[in-house]
Structures are given as C-alpha cells and as structure tokens.
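Written below as structure tokens is the structure these notes are about.
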Amino acid sequence: MTAFEDILEEVGAFGRSQMRIVSIFCLVSVPFSFVYVGIVFQGFTPEHWCRDPVVSGIRETCGWSLQDARRATVPLMNSSSGVTYSQCQRLDMDWNTTGLTCDNPESELIQAQISTLPMTGCKDGWEYDYEGRQSFVTEFDLVCADAWYVDMFQATLSVGFLVGSITIGYLADKYGRIKSFLMTNFFIGVAGILVATSPNYIALLVFRVLFGFGVKGGWMVGYVLTTELVGVEYRRMVGVTYQMFFSLGILILPLLAYFIPNWRWLQVVFTIPYICFLSYYWFIPESPRWLLSQNKRNEALEIMKAIAKENKKTLSKNFETLTDENTDSVSTVSFMDLFKTAKLRKFTFILSFNWFTSAVVYQGLIMRLGILGGNVYVDFLISGIVELPAAFLILLTIERIGRRLPFAAANFVAGAACLITAFIPDSMFWLKSAVACVGRLGITMAFEMVVFVNAELYPTVIRNLGVSVCSTLCDIGGIIAPFLLYRLAVIWLELPLIIFGALAFVAGGLVLLLPETKGVPLPETIDDIECPNRNKENQLKSQQLENLLPSDVTSNKEVTAV
C-alpha cells in the first residue's frame, strides 16, 4: 500500500495548486485580526464628563466648544494620572444664577466658589469629546460605574472563541474541513450582522458570543486544511505565513476605523469578508487526508488527481493503492493522558501557561493603546508595523538556533519591554513608544512560536488533544485580559504593564525547562517522551537493518509524518 505522504510528493508537495489554496486561505487571517482587537476602535472610551442641561443650553447659545464649556463648569479632581477634570461627578448648582455669560465663560464667582460647591453624579448623561464618531461606549454610556461593561464586550468574544474552537474542531473532524468552514462562515455572517444591529447592550453581548463562536473555529479549520494539503517540509512555513496575514490585518484595521467612524458600520465591514468566504465552495477542495481517514478513498483520489493536474505532474500506478498510513494505529486517548507521566505534566503546565500569557500580554498591549489618550489610529498603526518582522525572525532562527532559546528570548524581551515602558516618564513619549513596540514584537513572536512548539512536544497519539487543551488557556487569558487592563489602569495607568512584564518573564523562564526539538524526530508514543534514548536506539537499529535489506524492500517503506 502507498502512504499519503508518498503520493503527496508525487503530485507536488507544494505546487501551483497548494500555492493557490494557501494564498486564498491566508485571507481568512485578515478579518480575524479585526475581530480579535477591534474593541480598540469599536469600544473606544473618549474624554467624557457629566452633562448639565443648563450648561449645554448656554454652550449652544454662545457657540462654545465642548472644551470651553468643560473648562468653565467641570471641577478638577485628583487621579492616578494627576489633576484632571472630573469624569463622573459635576457641580450641584444652577448655572443660571452664577453670572456665567457668553463673554465670561470663566467668571470670577465660579472660580472663587468652585472648591466649596456640592457635587453630584451624572444624572443627565455625559458629554463626549469624540465629535463625528461613535463607539458602543458613547452610544450606551458605558463609563464611570458602568465602565466594566466594556470589559465584558471582549470577554464574551473569548467565551465564544473557547466554546467554538472545541465545537467546530469536532465538527471538522466528523463532517469534513471545507463543509465545516462553509457552515461556520454562514453562521458568522448572520451573527456579525446581528451584532451590528443590536438594539441594546445585553443583545450586543449575546450576539458577540455567537460571533466569536464561529470566528476562531473557522480560522482553525483553515489552518488545519492548509497544512494537510502540503508536504511535511512546508508545513511550518505555511503555518507561519498563515499567522503573518493576521499581522497584515492589524495594519489594515486602523485605516478602516479612521474612514468608518461608526462602530456599527465597522462591524458590518468586519463581517463582509466572512460572507465572501462562502465562495470558497468553488475554489477549495476537501482535505484528501481527512477523506482517507473516513474511508472515502475514491473522493480522495479524485482530489489528488485534480491537484496533480494543476501542478502539471504525472502519477505512477502506485497512486491507485493510496491509503491512510494512520488507519491501523487507532488508539483511545483521554484528557488524563496529558498528565500521565512527569514529563507530560510538565509540558502541559508550561505550554498552557505560555498560551495564557501570550493572550493576556498581546491583547493587553493592543487594548492599552485605546486608553493612552494619544492619536489611537497612528499609535495602533505604528505598533502594528513591528509585528510583521516577527514571522521572518522566527523562520530565520528556529532552524539555525532552535526553538527553545528564541521562544524564551521572545518572552524575556516582551517582559523587559513592559517593565521598562512602565517607568519611562510620559515626557519621553517617543522612547516610551519605541520600547512598547519592542514588547509587541517579542510577544508576537512568542504567540506564534507556542503554536508549533506545542505540536512538536506531544507524541502523535495525543498531539491534537494536547494542542486543543493547552490552547484553551489562550481563550481564558482573553477573558481575563480586558478586566486586568482596564480595572488596574484605573488605579495606576502603568500597573497593567508591571503585571504583563512579570507574566512574560515567568513564561520565558519556564520555556527554558522544555527540551529542544530542533532536529529531533516527532515522538510517536508516550514512551518516546519518557525514554527518548530508547527511541534513538531503535531508530539506529532500524537504519542498520535497512542497510542490510535489498533495495526493492526498503523502497516501499511507509513515510510517517505528522
């Protein structure tokens, strides 16, 4: 019988057909970045203060700007960032009796008495210095006591990610990659439009969960399908490229947000690509590797013929004996297998912590741009540019240096950058921004590396399970990140950076406890993890035996790859 990898080499491990499919599927990563960090623009919290109906009337009559009215009527308060205008309290007084006039917006009477006047809450809503733009924060007044509702917007997305990635992953294994991908994108299209038309904030959160349920699951299906269609030696390159398009989306996002100032229409733009992805029905074949696992040999043969034709390859007669090399090695695995031995327990803990840390620090650094008070569009674009070199640095280092040292170094760089940024004074703005960008580069590298390091450390029998379980900590980190950022920033703006830096340093230190996987064969069983030397001895004996066998026997050996 002929193994699938042998036939894949024959039809072209990465020919024109695979290049076309990978190029098309990489586009799926672009809108995924919109959804993942779109809260920076959709949930932007601008400068705000209590609305006073009388002051609003005087402002309109006199033609004052919002800033003029604030200077005249809003009290100054002490906060973690210094003395600023109050955002959640206003003076409890009748401005008609103060002598406030169009020619005298800062009357002496007001300035003399302002420190002794009684205060009250924002009973009549808020004024927002966000002219011509609208976020869901300004529409639903999610500030002051209700500011934590903004955290829920991002947290509910991660809840959808968590449930959806597991559910859709199961459906993809049971019903096929492309079918699940198409059904998921139809679901995303409906849920995305529901988010854009939400009548209230509770409905927005419910639809946001449904939206997240489909988005990450569909992205993962695309990742799996592309890697299953290419040869072993191309999978890492394809995987890194697939993630690099996520960084490309990060660069496009601020441009979209700048030209689309309404959060609802921005949500529609985020959703449209997923509706367009339904056209992949006519361009993308089902995974022949999955078809073989389901004993659908004839369908797999037809797809392989089409790939060979597009790649302009000629197939041998061995093509007719195509089979799945893993069908005879079915085993039952369970969640507890990830903790079965001491080494597996160590791998599971370290990798899970790194997934968690990568999500918290990456999301936290991006969402932090929305609360710094600068030009969020320019700041976001500049910080996004530094992500692009991450993929190239990974490809340059992992085959020369290895996995462990670049992985740990990326975490250390991110951690150091966060800690240094926290203590650079605001007056050194460009230095502070540059160091923060270095942190973004480091955590982006760490985030991309944890994906394939996770797959290389676990044996074949529990590899999919190991990646799935460990990566759930990424979504848990996504749930925690907004609360960690926004609530701690109220105490001290730089406090979240201290937490991010500490997490990244611990993650980097733990990575150094992992074994190096560069040039090491992928483990097949749990015994290969616990007794790697025995595995090497067996491989050496097998090679010696092959050298003694006739060439016509060894030429028919199966090629096992994961």
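Every value quoted in this text rests on a predicted model; they were computed, and no experiment measured them.
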Any non-hydrogen side-chain atom of [X] less than 4.5 Å from a side-chain atom of [Y]?
X: I420; Y: I424; value: yes
X: L291; Y: I303; value: yes
X: I252; Y: F34; value: yes
X: R368; Y: L497; value: yes
X: F500; Y: L484; value: yes
X: P288; Y: L229; value: yes
X: Q87; Y: W49; value: no
X: F44; Y: V137; value: no

Side chains of [X] and [Y] only: does a donor on one sit below 3.5 Å from an acceptor on the other?
X: Y362; Y: E387; value: yes
X: E228; Y: S287; value: yes
X: D475; Y: W355; value: no
X: R440; Y: S383; value: yes
X: S56; Y: E127; value: yes
X: Q363; Y: Y36; value: yes

*Determine which pairs satisfy salt bridge (charged side-chain N to carboxylate O under 4.0 Å, His left out) with at least one residue from residues 259-270, sequence neighbours left out, and list them in order.*
E139-R264
If you take the centroid of each ring, where Trp contributes its six-membered ring, are [Y] and [X] closer together than 6.0 Å?
X: F41; Y: F380; value: yes
X: F211; Y: F270; value: no
X: Y280; Y: F283; value: no
X: F25; Y: Y223; value: no
X: W219; Y: F32; value: yes

Quick one: does [X]'s side chain have a donor or acceptor within less than 3.5 Å of a partner on [Y]'s backbone?
X: N454; Y: V450; value: no
X: T241; Y: M237; value: yes
X: S29; Y: Y242; value: yes
X: T156; Y: F153; value: yes
X: T138; Y: S135; value: yes
X: R177; Y: V221; value: no
X: S352; Y: L473; value: no
X: S158; Y: F161; value: no

*asked:* For L365, run the side chain to side chain contact (heavy atoms under 4.5 Å, CB included) check against V360, T421, I443 and tell me which one passes.
replied: I443
*asked:* Would L388 and L251 count as a side chain to side chain contact (heavy atoms under 4.5 Å, CB included) here? Give the steps.
replied: CA-CA 9 Å; L388 289 178; L251 296 180; 3.4 Å; yes
Report all side-chain donor-acceptor pairs from residues 406-419 shorter than 3.5 Å, counting only partners two or more places apart or in another chain.
from: N411; atom 1: ND2; to: N354; atom 2: OD1; distance (Å): 3.3
from: N411; atom 1: ND2; to: F407; atom 2: O; distance (Å): 3.2

*With a 2.5 Å cut-off on the SG atoms, do C50 and C122 make it?*
yes
*Should the heavy atoms of other residues, nucleotides or ligands under 6.0 Å from NZ of K179 be counted, would the total exceed 12?*
no
*Neighbour count >12 (heavy atoms, 6.0 Å) for atom CZ, F140*: yes
*Would you check, one step at a time, whether the test side chain to side chain contact (heavy atoms under 4.5 Å, CB included) holds for C474 with F447?*
CA-CA 10 Å; C474 171; F447 214 159; 3.6 Å; yes
For the student: nearest non-hydrogen atoms of [X] and [Y], plus distance:
X: W290; Y: G176; answer: CZ2-N, 3.2 Å
X: L225; Y: E286; answer: CD1-C, 4.4 Å
X: D426; Y: K432; answer: OD1-CE, 3.6 Å
X: Y128; Y: L142; answer: OH-N, 4.5 Å
X: C437; Y: I382; answer: SG-CG2, 4.2 Å
X: R487; Y: A147; answer: NH2-O, 3.5 Å

*Y274 and F187: ring pair (Phe, Tyr, Trp, His ring centres under 6.0 Å), yes or no, with the steps?*
CA-CA 9 Å; Y274 292 100; F187 181 85; over 10 Å; no
To the nearest 0.5 Å, what is the distance between [atom1] on [X] and [atom2] on [Y]?
X: L194; Y: L210; atom1: CG; atom2: CG; answer: 8.0 Å
X: F277; Y: L182; atom1: CZ; atom2: CG; answer: 11.5 Å
X: I394; Y: R403; atom1: CD1; atom2: CZ; answer: 11.0 Å
X: L278; Y: T184; atom1: CG; atom2: OG1; answer: 10.5 Å
X: L27; Y: L248; atom1: CG; atom2: CG; answer: 9.0 Å
X: I479; Y: L162; atom1: CD1; atom2: CG; answer: 6.0 Å

*May I have the step-by-step check of side chain to side chain donor-acceptor pair (under 3.5 Å) for Y201 and D141, ending in yes or no?*
CA-CA 10 Å; Y201 191 69; D141 287 331; over 6 Å; no
_Any salt bridge linking D52 with R90? Criterion: basic side-chain nitrogen under 4.0 Å from a carboxylate oxygen._
yes
*Using the side chain to side chain contact (heavy atoms under 4.5 Å, CB included) rule, take F353 and V506 through it: C-alpha gap first, then chi angles, then the decisive distance, then the call.*
CA-CA 9 Å; F353 186 81; V506 173; 3.7 Å; yes
*Using 30° and 60° as the class limits, which term best fits the ring planes of Y377 and Y258: parallel, tilted or perpendicular?*
perpendicular
*Evaluate the criterion side chain to side chain contact (heavy atoms under 4.5 Å, CB included) for residue pair M152 and F483; output intermediate values, then yes/no.*
CA-CA 8 Å; M152 291 296 297; F483 294 97; 3.6 Å; yes
